[in-house]
Colleague: 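Just dropping this structure here.
Naming: A, B, ... by sequence-line order, numbering from 1 per chain.
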Amino acid sequence: MPKTLLHAEWYLTHDVLSAAKNLLGMILRSEIDGHVCEGIIVETEAYRGADDRGCHSYGNKITERNRTMFDIGGSVYVYICYGIHPMLNVVIGNSGVADAVLIRAVEPIQGLKIMMERRDIDSENRLKTTSGPGNLANAFGINKLYDGDKFFDPSSPIQIFSNGIKPSSIYEGHRVGMSARIGTCAFRPWRFYIEGNVWVSNPKHIDYTQKTKFSKLCNI
DNA sequence: AAGAGGATGAACT
DNA sequence: GTTCATCCTCTTG
């Protein structure tokens, strides 16, 4: 099946959780500094503005940093984490809804060489090239300058394509880097990845594998 | 004006 | 498993 640019409507007709799951298997593409990079999205996390204490826009509060989250679905939200790491997010929902999907890892399918150069990675460590949100954004040449762009714009340097492929098995677990201070939101099973994919990031986190456990720990 | 904390990543033991 | 470099953003006073 040929890949097709994901149309603007898609980002408005999915809630942030189904969007995070359905983005798995789709293709992220950047054309930056004359280099085309493409990768299959293999790991995502959902963030929901209205009631999610792990989200920048919790309580639908607008700040200088997060204002793009309130923009229309299909917008590119990039912010800098820990002062140095760019994070690439897909804004979901109508204008005024501050939901977004963080892309945490992709499997490279085009431009691996330039990606490894950008990251200063040797062949021995190639699996680290696009694993982890900061790493993949750097590999694709993405930085804060692209905040506010549109994934669905045919002339956009950063785009998402659907290719009709559905992942066979999707892991659902809690998100990475959530502090205990945010309470039960930290345990929401809003991290998704393609089971068994070697490009998925492998950060430190408690591995709750039973969904029954989640339901006791959080109210979605 | 100052301090706390962070949607990380790398390098350790 | 652990620590820590690094600096931006938000909150508070």
Side-chain angles (χ1 to χ4, degrees), chain A residues 16-17 19-21 23-24 28 41-71 75-93 97-106 115-116 118-148 158 171-193 198-208 214 217-218 220:
Chain A
V16 71
L17 292 176
K21 280 182 262 195
L23 280 169
L24 295 175
L28 175 70
I41 297 169
V42 299
E43 180 180 358
T44 60
E45 283 178 358
Y47 290 86
R48 191 163 70 190
D51 65 347
D52 177 11
R53 292 187 65 196
C55 181
H56 290 158
S57 51
Y58 171 59
N60 289 328
K61 190 150 63 174
I62 302 178
T63 66
E64 176 73 16
R65 174 177 63 171
N66 73 14
R67 60 154 216 91
T68 303
M69 293 187 79
F70 293 82
D71 210 340
S75 296
V76 177
Y77 173 45
V78 180
Y79 74 94
I80 303 300
C81 185
Y82 291 94
I84 44 180
H85 309 293
M87 301 283 123
L88 175 65
N89 293 259
V90 183
V91 176
I92 300 296
V97 176
D99 297 352
V101 175
L102 172 68
I103 302 180
R104 290 192 54 88
V106 308
M115 289 193 256
M116 290 172 69
R118 281 174 173 148
R119 297 253 304 107
D120 193 23
I121 292 269
D122 55 28
S123 55
E124 189 183 342
N125 293 305
R126 57 196 283 278
L127 287 178
K128 296 180 181 174
T129 308
T130 54
S131 178
N135 287 343
L136 93 84
N138 283 325
F140 275 66
I142 293 166
N143 57 52
K144 203 168 172 8
L145 295 175
Y146 298 93
D147 182 55
I158 308 172
Y171 170 96
E172 305 186 10
H174 71 79
R175 296 171 295 185
V176 179
M178 295 291 102
S179 163
R181 69 177 41 253
I182 72 169
T184 56
C185 286
F187 298 102
R188 286 177 169 176
W190 289 4
R191 178 194 187 201
F192 309 99
Y193 60 75
V198 295
W199 297 86
V200 169
S201 69
N202 185 28
K204 53 178 186 262
H205 72 286
I206 309 163
D207 188 10
Y208 292 107
F214 283 122
L217 286 164
C218 69
I220 298 171

Colleague: Taking for each residue the nucleotide of DNA chain B with the nearest heavy atom, is it A:K128 or A:I182 whose nucleotide lies nearer the 5' end?
Modeller: A:I182
Colleague: Apply side chain to side chain contact (heavy atoms under 4.5 Å, CB included) to A:R67 and list each qualifying residue two or more places apart in sequence or on a separate chain.
Modeller: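 Here the qualifying residues are A:I62.
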Colleague: Could you give the CD1-to-P distance, from A:I121 to B:dA10, as a whole number of Å?
Modeller: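 Going from CD1 in A:I121 over to P in B:dA10 covers 7 Å.
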Colleague: How many angstroms lie between atom CD1 of A:I103 and atom CD1 of A:I158, to the nearest 0.5 angstrom?
Modeller: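 Reported value, rounded in 0.5 Å steps: 9.5 Å.
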Colleague: It should be established whether A:R191 places a side-chain nitrogen or oxygen under 4.0 Å from OP1 or OP2 of nucleotide B:dA7.
Modeller: no
Colleague: Categorize A:R119 for me: base, sugar-phosphate, or nothing, with a 4.0 angstrom heavy-atom threshold over every strand shown.
Modeller: sugar-phosphate
Colleague: Treating A:R175 as the side-chain partner and A:R188 as the backbone partner, does any N or O pair qualify as donor plus acceptor under 3.5 Å?
Modeller: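 Here the side-chain-to-backbone pair does not exist.
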Colleague: Go through the structure and list residues passing side chain to side chain contact (heavy atoms under 4.5 Å, CB included) with A:S57, not counting sequence neighbours.
Modeller: A:C55, A:N66, A:M69, A:F70, A:A98
Colleague: Return a single string for nucleotides 7-13 of chain C, one symbol per nucleotide in 5' to 3' order, where B is base contact, S is sugar-phosphate-only contact and - is none, cutoff 4.0 angstrom on heavy atoms.
Modeller: BSSSS--
Colleague: Send over the distance from A:M178 CE to B:dG5 P, rounded to a whole Å.
Modeller: 16 Å
Colleague: Side chain of A:V176 only, heavy atoms from C-beta on: which candidate in B:dT8, B:dG5, B:dA7 is closest?
Modeller: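 In terms of side-chain proximity for A:V176, the closest of B:dT8, B:dG5, B:dA7 is B:dT8.
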Colleague: Which pair of non-hydrogen atoms, one from A:C185 and one from A:D51, has the smallest distance, and what is that distance?
Modeller: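 Heavy atoms only, the tightest pair is SG-O, 3.9 Å.
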Colleague: A:N138: which residues meet the side chain to side chain contact (heavy atoms under 4.5 Å, CB included) condition with it, sequence neighbours left out?
Modeller: A:P86, A:R119
Colleague: If the condition is side chain to side chain contact (heavy atoms under 4.5 Å, CB included), which residues does A:D122 pass it with, not counting sequence neighbours?
Modeller: A:E124, A:N125
Colleague: Once you round to the nearest 0.5 Å, how far does CZ of A:F140 lie from CG of A:L28?
Modeller: 4.5 Å
Colleague: Just compare B:dG9, B:dA7, B:dG6 and give me whichever is closest to any side-chain atom of A:H85.
Modeller: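 Shortest atom-to-atom distance from the side chain points to B:dG9.
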Colleague: Take atom NZ of A:K61 as the centre, draw a 6.0 Å sphere, and report whether it contains more than 12 heavy atoms from other residues, nucleotides or ligands.
Modeller: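 Open: at most 12 neighbouring heavy atoms sit under 6.0 Å from NZ of A:K61.
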Colleague: Under 4.0 angstrom, heavy atoms only, what part of the nucleic acid is A:G54 near: base, sugar-phosphate, or nothing?
Modeller: base
Colleague: Does B:dG6 have its OP1 or OP2 closer than 4.0 Å to a side-chain nitrogen or oxygen of A:R181?
Modeller: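 So the side-chain polar atoms of A:R181 do come within 4.0 Å of the phosphate oxygens OP1 or OP2 of B:dG6, strictly under.
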Colleague: With sequence neighbours left out, what residues match A:D71 under salt bridge (Lys or Arg N to Asp or Glu O under 4.0 Å)?
Modeller: A:K150
Colleague: Identify the stems formed by DNA chain C, where each pair is Watson-Crick or G-U wobble with both distances under 3.5 angstrom and a stem is at least 3 consecutive pairs.
Modeller: B:1-6 with C:7-12, B:8-12 with C:1-5
Colleague: Can you sort out which residues in residues 135-143 of chain A have a heavy atom within less than 4.0 Å of DNA chain B? Ascending by number, please.
Modeller: A:N135
Colleague: With sequence neighbours excluded, what pairs up with A:Y77 under the ring pair (Phe, Tyr, Trp, His ring centres under 6.0 Å) test?
Modeller: A:Y79
